[in-house]
Chemist: 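Structure incoming, see below.
In this text the structure is predicted, and so the values were computed from the model without any measurement. No hydrogens, no waters, no symmetry mates; every other heavy atom, side chains included, goes into these values. Numbers restart at 1 for each chain; the letters A, B, ... are given by sequence-line order, proteins then strands.
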Amino acid sequence: MAGFQSLPGFRDFPPEDFSRRQHVFRVWRSAATAFGFQEYDAPVLEPLELYKTKSGDEIEAQLFSFKDKGDREVSLRPEMTPTVCRMVGEKAGSLKRPIKWFSIAEFYRYERAQKGRLRAFHQFNADIFGEAGPEAEIELIALLIQCLAGFGLTADDFTIRLSDRNLWFYYLGALGFTAAQIPAVLTVVDRFEKAGAPQVEAFKPYEEKFGPLDQTTKNRVHAFALQSGKNFSEQEILTRWLQDAKPEAREKVSARLADFRKLMDGLADMGLKDFVEIDMMVVRGLAYYTGFVFEAFDRKGDLRALAGGGRYNDLIKKLGYTDLPAVGFAIGDVTTGLLLEQRGLTSKPGPATDVYVVIGGEVERKAAFADIQALRAAGVRVEYPFKDLSFGKQFKAASESGAKLALIYGGDELAHGVVKLRNLADRSERDVPRGQVVAMVRSLLTGH
RNA sequence: GCGGUCAUAGCUCAGUUGGUUAGAGCACAAGAUUGUGAUUCUUGGGGUCGCGGGUUCGAAUCCCGUUGACCGCCCCA
């Protein structure tokens with residue numbers, strides 16, 4: 001127990017854990033490539049300014065940031081979005097649209113570690129650039145669903161809650177909130193769930209900043225947030241909105257509701273209707289989201305959000321590049337791993353060996369080594385005991401290795417120029433001439 | 001950054017009002033078994049009881065500090 005511990009919130013990945021992690025990455029990667037996304041990677045360390053520009057100075061408290069030896073303010077990346085915006089922004093002129101990119105990478109945040117939240121974690125990020133319409137959201141939400149369904153999770157296990165900040169902006173504007181006040185109200189909305197019934201409490205941060213709100217307005221905001229799932233309909237939201245709307249804004253709202261309908265219909269046509277529900281309570285924490293936002297949750301669980309994303313049409317311009325519409329999401333390995341564990345869907349590593357070589361003694365080892373090397377060069381996974389062991393022990397080791405075949409290099413066999421090949425599953429044996437070992441093993445392993 | 005609970009072998013845990021050399025199961029290794037995989041039996045390695053200090057004749061046990069994990073705030077890109 002003496003010696004060193006890993007840093008708080010950081011994990012080791014010994015082979016068993018590594019193999020579970022690789023399984024998660026495999027599912028994500030194959031989902032992304034099936035959807036036609038291209039993989040990219042980027043530096044782990046970035047200028048601190050990149051994150052301050054995107055999220056404001058307060059963000060620094062949550063960053064793994066420091067000064068490098070050249071006196072540069074730098075930070076380990078806490079997320080991929082600013083980086084990918086920079087990459088796309090730099091090449092935007094030469095990229096074919098729509099731009100569909102994904103990555104699997106490690107991120108670092110200097111926060112208190114808790115269940116489902118560590119200081120170092122992996123995320124799958126997928127983004128679409130250059131498409132302003134809801135077609136991009138259809139594609140991304142479908143991909144998100146596949147990133148979870150690919151493990152065997154179903155609509156009974158998780159759900160995607162979809163909301164729209166544009167409708168919120170329209171509605172809150174109609175209620176008389178100013179552009180400066182609206183983000184503060186959305187922060188309040190974000191707290192509704194946590195604050196539970198007493199919305200009075202939830203409004204406190206807003207009221208401290210902008211002064212008291214009348215109860216009627218509070219109730220309207222709360223009622224709008226409660227629009228979700230079954231009780232949501234375009235007609236209802238329109239009616240509710242029209243009570244408060246100025247006539248010239250009606251056109252914007254009905255256009256937006258048409259986008260909403262297009263998105264929901266597209267997902268329904270893909271057979272994904274059961275995975276998605278509208279829930280205006282979701283607004284997402286950060287201010288740079290500009291349209292549809294969505295989060296994936298464990299249905300029966302006490303887990304944190306599995307994934308989150310949304311549209312951020314202004315960000316690339318804010319970082320100093322061309323104006324380019326964008327929408328993306330990220331899904332993390334920590335919460336996903338916890339959910340898979342709860343559902344018994346974690347992967348067990350398969351056998352790492354195809355052939356176990358049983359060696360009679362020092363003399364036989366020489367012949368065995370020649371064939372072992374030939375087999376391995378041909379791509380066959382071969383194991384053999386380092387030390388001379390009794391045949392009994394070697395066969396035990398062979399069966400524990402998970403190998404399908406054993407090759408037996410004994411004095412009797414080699415004297416006849418053959419090797420004994422044993423099928424470890426049915427225990428049948430046959431002699432194989434030395435020269436045919438590689439060909440025979442390969443044909444048995446590939447099944448023809 | 002703030003509050004609460006916890007910390008004994010690789011894992012799961014036991015350990016009496018403070019009392020000899022800190023235990024069990026699982027796992028790992030060796031042997032019974034030098035030409036065939038199971039089961040079983042025997043044996044072994046592995047602990048400064050998270051770390052540091054204090055009280056005591058004596059501390060895994062009581063006290064203080066510290067580190068870490070978990071839970072709740074803050075935050076959640």
Chemist: Whether the side chain of A/Arg117 and the base of B/rC75 hold a donor-acceptor pair under 3.5 Å is what I'd like checked.
Modeler: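 Pair found.
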Chemist: How far does the P atom of B/rC70 sit from the matching atom of B/rC28, given to the nearest Å?
Modeler: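 Straight-line distance between the two P atoms is 28 Å.
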Chemist: Please, which pairs that meet side-chain hydrogen bond (donor to acceptor under 3.5 Å, both in side chains) have at least one residue in residues 140-163 of chain A, sequence neighbours excluded?
Modeler: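 Residue pairs with at least one partner in residues 140-163 of chain A: A/Thr154-A/Asp157, A/Asp157-A/Arg343, A/Thr159-A/Glu277, A/Arg161-A/Glu193, A/Arg161-A/Asp279.
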Chemist: For A/Arg112, which contact category applies under a 4.0 Å heavy-atom criterion: base, sugar-phosphate, or nothing?
Modeler: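 The residue A/Arg112 makes base contact.
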Chemist: Under 4.0 angstrom, heavy atoms only, what part of the nucleic acid is A/Pro78 near: base, sugar-phosphate, or nothing?
Modeler: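 Contact class for A/Pro78: base.
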Chemist: Between A/Arg20 and A/Asp17, is the salt bridge (Lys or Arg N to Asp or Glu O under 4.0 Å) condition met? List the steps.
Modeler: CA-CA 5 Å; A/Arg20 264 202 290 272; A/Asp17 298 326; 2.8 Å; yes
Chemist: Whether A/Arg256 engages the ring of A/Phe292 as a cation-pi pair (distance to the six-membered ring centre under 6.0 angstrom, angle to the ring normal within 45°) should be assessed.
Modeler: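 Geometry flag: set, cation within 6.0 Å and 45°.
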Chemist: Would you call A/Lys393 and A/Glu400 a salt bridge, using N to O less than 4.0 angstrom?
Modeler: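 A salt bridge is absent here (no side-chain N lies under 4.0 Å from a carboxylate O).
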Chemist: So if I take every side-chain heavy atom of A/Tyr289 and compare against B/rC76, B/rG68, B/rA77, which nucleotide ends up nearest?
Modeler: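 Among the listed nucleotides, the one closest to the side chain of A/Tyr289 is B/rA77.
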Chemist: In residues 321-334 of chain A, what donor-acceptor pairs under 3.5 Å come from side-chain atoms, sequence neighbours left out?
Modeler:
unit_1   : atom_1 : unit_2   : atom_2 : d
A/Asp333 : OD1    : A/His122 : N      : 2.8
A/Asp333 : OD2    : A/Arg11  : NH1    : 3.4
A/Asp333 : OD2    : A/Arg11  : NH2    : 3.0

Chemist: Using the P atom as the reference point in each nucleotide, state the distance between B/rC49 and B/rA7 in Å, no decimals.
Modeler: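 One P to the other, the span is 15 Å.
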Chemist: Anything under 3.5 Å between a donor and an acceptor, one on a side chain of residues 350-360 of chain A, the other on a protein residue two or more places apart or in another chain? List them.
Modeler:
unit_1   : atom_1 : unit_2   : atom_2 : d
A/Asp354 : OD1    : A/Arg381 : NE     : 3.4
A/Asp354 : OD1    : A/Arg381 : NH2    : 3.0
A/Asp354 : OD2    : A/Arg381 : N      : 2.9
A/Asp354 : OD2    : A/Arg381 : NE     : 3.2

Chemist: For a ring-ring contact (aromatic ring centres under 6.0 Å, His included) check, start with the C-alpha distance between A/Phe177 and A/Tyr206, then their side-chain angles and the critical distance, and finish with the verdict.
Modeler: CA-CA 12 Å; A/Phe177 288 101; A/Tyr206 173 89; 5.8 Å; yes
Chemist: Do A/Arg21 and A/Phe13 form a cation-pi contact, if we require the NZ or CZ to be under 6.0 Å from the six-membered ring centre and within 45 degrees of the ring's axis?
Modeler: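 Yes, a cation-pi geometry.
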Chemist: How far, in whole Å, is B/rA27 from B/rG46 if one measures between their C1' atoms?
Modeler: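 Here B/rG46 and B/rA27 have their C1' atoms 12 Å from each other.
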Chemist: Taking atom C1' in both B/rG18 and B/rG44, compute the distance separating them and give it to the nearest angstrom.
Modeler: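 B/rG18 and B/rG44 have their C1' atoms separated by 33 Å.
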Chemist: If you find the nucleotide of RNA chain B closest to A/Arg284 and the one closest to A/Leu7, which residue's nucleotide is nearer the 5' end?
Modeler: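 Whichever sits nearer the 5' end wins; that is A/Leu7.
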Chemist: Considering every strand and a 4.0 Å limit on heavy-atom distances, what is the contact class for A/Gly9: base, sugar-phosphate, or nothing?
Modeler: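 It contacts sugar-phosphate atoms only.
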Chemist: A/Arg77: which residues meet the side-chain hydrogen bond (donor to acceptor under 3.5 Å, both in side chains) condition with it, sequence neighbours left out?
Modeler: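 Per chain and number, A/Arg77 pairs via side-chain hydrogen bond (donor to acceptor under 3.5 Å, both in side chains) with no residue.
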Chemist: Which whole number of Å gives the distance between the C1' atom of B/rG15 and that of B/rU8?
Modeler: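 Roughly 9 Å separates the two C1' atoms.
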Chemist: Which dot-bracket string fits RNA chain B when only Watson-Crick or G-U wobble pairs with both atom distances under 3.5 Å count, crossing pairs get [ ], and | stands for a partner on a different strand?
Modeler: (((((((..((((.....[...)))).(((((.......))))).....(((((..]....))))))))))))....
Chemist: Applying a 4.0 Å non-hydrogen cut-off, can you work out what A/Phe107 is touching in the nucleic acid: base, sugar-phosphate, or nothing?
Modeler: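 No contact.
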Chemist: What string of B, S and - do you get for nucleotides 31-40 of chain B, 5' to 3', when a contact is any protein heavy atom under 4.0 Å?
Modeler: S---BBBS--
Chemist: Heavy atoms under 4.0 Å, any strand shown: does A/Gln114 hit a base, just sugar-phosphate, or nothing?
Modeler: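 It contacts base atoms.
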Chemist: Quick check for you: among B/rC75, B/rG68, B/rG3, whose closest atom lies nearest to any side-chain atom of A/Arg191?
Modeler: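 Nearest to the side-chain atoms of A/Arg191, counting from C-beta on, is B/rC75.
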Chemist: In whole angstrom, give me the gap between the C1' atoms of B/rA9 and B/rU16.
Modeler: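 Result for the C1' pair: 22 Å, nearest Å.
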Chemist: What's the gap between B/rC51 and B/rU67 when it is taken at their P atoms, as a whole Å value?
Modeler: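 Here B/rC51 and B/rU67 have their P atoms 15 Å from each other.
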Chemist: Here's one to test your reading of the geometry: is the NZ or CZ of A/Arg119 within 45 degrees of the ring axis of A/Tyr110 and under 6.0 Å from its centre?
Modeler: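 Geometry flag: set, cation within 6.0 Å and 45°.
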Chemist: Between B/rA60 and B/rU55, how far is it from one P atom to the other, in whole Å?
Modeler: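 About 16 Å, rounded to a whole number of Å.
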